[in-house]
*Asks:* 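Structure below; questions to follow.
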Amino acid sequence: MSGIFEYNGGSIVGMKGKNCIAVACDRRFGQQMSTITTNYQKVFKIQDNILLALSGLNTDIHTFYALMEKEINLYNLKENRKMKPTTFANLVASALYERRFGPFFVTPIVAGLENGKPILATYDSIGCKSDLDDFQVGGTGGNYIYGACEAFFKPDMSPEELEEVIGQSLVSGCDRDALSGWGGVVYVLTEQKITVKILKTKQT
Amino acid sequence: MQYFENYLQSKGGYDYTNVKRNEIMKAQGFKEMGFTKTGTTIVGVIFDGGVVMAADTRATAGSIVADKNCEKLHTLAPNIWAAGAGTAADLHHQCAHFNAKLKLQRLNLNRQSRVNEVITKLTTKLFPYRGHIGVALIIGGIDCNGPQLASVSPHGNYVYHPFQSMGSGSLAALGILEAKYQDGLTKQQAIELAIEAIEAGIFHDMGSGSNVDVVAITKDGVDYKRNIRSYNAKSHQKQIPYVFPINNTPALRKYQFDIEKQELSEIGQEMEIVE
């Protein structure tokens, strides 16, 4: 048997731009070498300015998303205001660290826009938050996407260019990973709108 | 309903609800993924009138560099800093927890935090967890008892010594420290020594790399120099950078969610899929 993180497969990537931020994910849901569906959702809208991308064991993706959804709904009800992306990023880290000795097998990426500034954070499965200035990857194809991102990334890209670069990085990386692929979805978040683009890849 | 009641009763701290499921999965043969470690070089040096601490900035996940410029020097109190090696999540969260705990204590007692308080609190927390909380820290600070430097191991052992190094690059750094440390260094000499020790770790240890961060703590305050030395600049620039034409990546469908109007609409034409 392979590792727990390789059971379902899947890859995610997040990239910062100029006053915009993008996340992309593949669409495969598999059980080891079989593919069950090719339209599995891995990026979730937590709030109008926060997206949560999850990779890892799909059951934990589902559970962790439900947990975060509950947290933000309770927050909205208690505080009667929206949650800031940096607050949500810390919330995810704490929620993961709370289960330090019985972790969720997910590696999340949080993408948000706070006062026009892009916020991008990634975590290992127990809540070590790292917020870098350029891009983050997660999932089985993550290491391959790293290579593509290092080559294609430029700082301060416009939303249209960012959409192209992140899409190409995701597709190039997933082409080298057997457990990811079967399509890709790119989400670009700006102050005015969220654009969702379903990519045409080799097997769709 | 039962779940909600259980949730309300949770008193904080660690949540063990997933442990049984994870044990069963491990018994079935699944291998867990490694956590981000900070395979690190960290050093501390006492000088005449204060403490200098330095660290590299690489965080690894297995053999991949997860973070090229992470911060390993954490504040525990305005006069006490910690440099951490070990499991990155544990370091980050434990340091944040102790920072808050010490702040609360200062508000209650209206007194400056002391280094030996920090050591006692840390070791009494770590020991019961039998080393499972993977934090190896160098604690340095200046208080009413003068400058102090101690190292704490994950099992809860602590050692006071005028110079310390920890992490995977500690042996390389210790070589420099043992050779060049003297009592009664000046602040500048101590900073130079610490940087040299970290450099040894960066170049000789695969788990350490990128840049050097330094913090110098004296009675007058804290001098934090992030990335005082950088060895990891890209050695080449792309001659002709990649420029992707806009709308070049073929899309099956494209949607747009307008935030102000809160409406979802489809934009562009749906592409035909050729069978």
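Sequence lines set the chain letters: A, B, ... in the order given, protein chains first and strands last, and positions in each chain run from 1. Heavy-atom basis, side chains included; hydrogens, waters and symmetry copies ignored.
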*Asks:* Quick one: CG on A:L189 to CD1 on B:I259, what's the gap to the nearest 0.5 Å?
*Replies:*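 Those atoms lie 6.0 Å apart.
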*Asks:* How long is the gap from CG on A:L199 to NZ on B:K254, to the nearest 0.5 Å?
*Replies:*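 Here the interatomic distance stands at 10.0 Å.
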*Asks:* Do the charged groups of A:D134 and B:K68 touch, with an N to O distance under 4.0 Å?
*Replies:*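 Salt bridge: no.
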*Asks:* Counting only non-hydrogen atoms closer than 4.5 Å, does B:I246 touch chain A with its backbone (N, CA, C, O), its side chain (CB onward), both, or neither?
*Replies:*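 Contact with chain A involves both backbone and side-chain atoms of B:I246.
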*Asks:* Hey, can you tell me if B:H132 and A:F101 have their rings parallel, tilted or perpendicular (30° and 60° cut-offs)?
*Replies:*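 Geometry flag for A:F101 against B:H132: perpendicular rings.
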*Asks:* How about A:Q168 and B:N248: does a side-chain donor come under 3.5 Å of a side-chain acceptor?
*Replies:*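 Result is no, nothing qualifies.
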*Asks:* Among A:A93, A:G167, A:G142, which residue forms the greatest number of heavy-atom pairs with chain B at distances under 4.5 Å?
*Replies:*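 So the answer, after comparing A:A93, A:G167, A:G142, is A:A93.
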*Asks:* Is it the case that the side chain of B:H93 and the backbone of A:G127 share a donor-acceptor pair, with hydrogens and angles ignored and the cut-off at 3.5 Å?
*Replies:*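 At least one qualifying donor-acceptor pair exists.
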*Asks:* Sort B:E23 into side chain, backbone, both or neither according to what part of it lies under 4.5 angstrom from a heavy atom of chain A.
*Replies:*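 No part of it gets close to chain A.
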*Asks:* Does any backbone or side-chain atom of A:T190 lie under 4.5 Å from a heavy atom of chain B? Answer side chain, backbone, both or neither.
*Replies:*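 Contact with chain B: backbone only.
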*Asks:* Taking every heavy-atom pair that is under 4.5 Å apart, which of A:V137, A:V165, A:T122, A:I194 has the most such pairs with chain B?
*Replies:*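 Top count of heavy-atom pairs under 4.5 Å with chain B: A:I194.
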*Asks:* With a 3.5 Å distance limit and no angle check, can you tell me whether B:Q256 reaches the backbone of A:K193 through a side-chain donor-acceptor pair?
*Replies:*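 No; zero donor-acceptor contacts below 3.5 Å.
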*Asks:* Does the distance from a Lys or Arg side-chain N to an Asp or Glu carboxylate O, for A:R99 and B:D15, drop under 4.0 Å?
*Replies:*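 Yes, charged N to carboxylate O under 4.0 Å.
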*Asks:* With a sphere of 6.0 Å drawn around CZ of B:R21, does it hold more than 12 non-hydrogen atoms of other residues, nucleotides or ligands?
*Replies:*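 Yes, because the 6.0 Å sphere around CZ of B:R21 holds more than 12 heavy atoms from other groups.
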*Asks:* May I ask you to decide if B:N247's main-chain N or O and A:E160's side chain share a donor-acceptor pair within less than 3.5 Å?
*Replies:*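 Not a single qualifying donor-acceptor pair exists.
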*Asks:* Among A:K129, A:E164, A:E163, single out the residue with the greatest number of heavy-atom pairs under 4.5 Å to chain B.
*Replies:*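 Option with the top pair count is A:E164.
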*Asks:* Working to the nearest 0.5 Å, report the span between OG of A:S94 and NE2 of B:H92.
*Replies:*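 Interatomic distance, A:S94 OG to B:H92 NE2, rounded to 0.5 Å: 8.5 Å.
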*Asks:* Which distance, rounded to the nearest 0.5 Å, do you find between the OG1 of B:T249 and the CG of A:L170?
*Replies:*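 So the gap between those two atoms works out to 10.5 Å.
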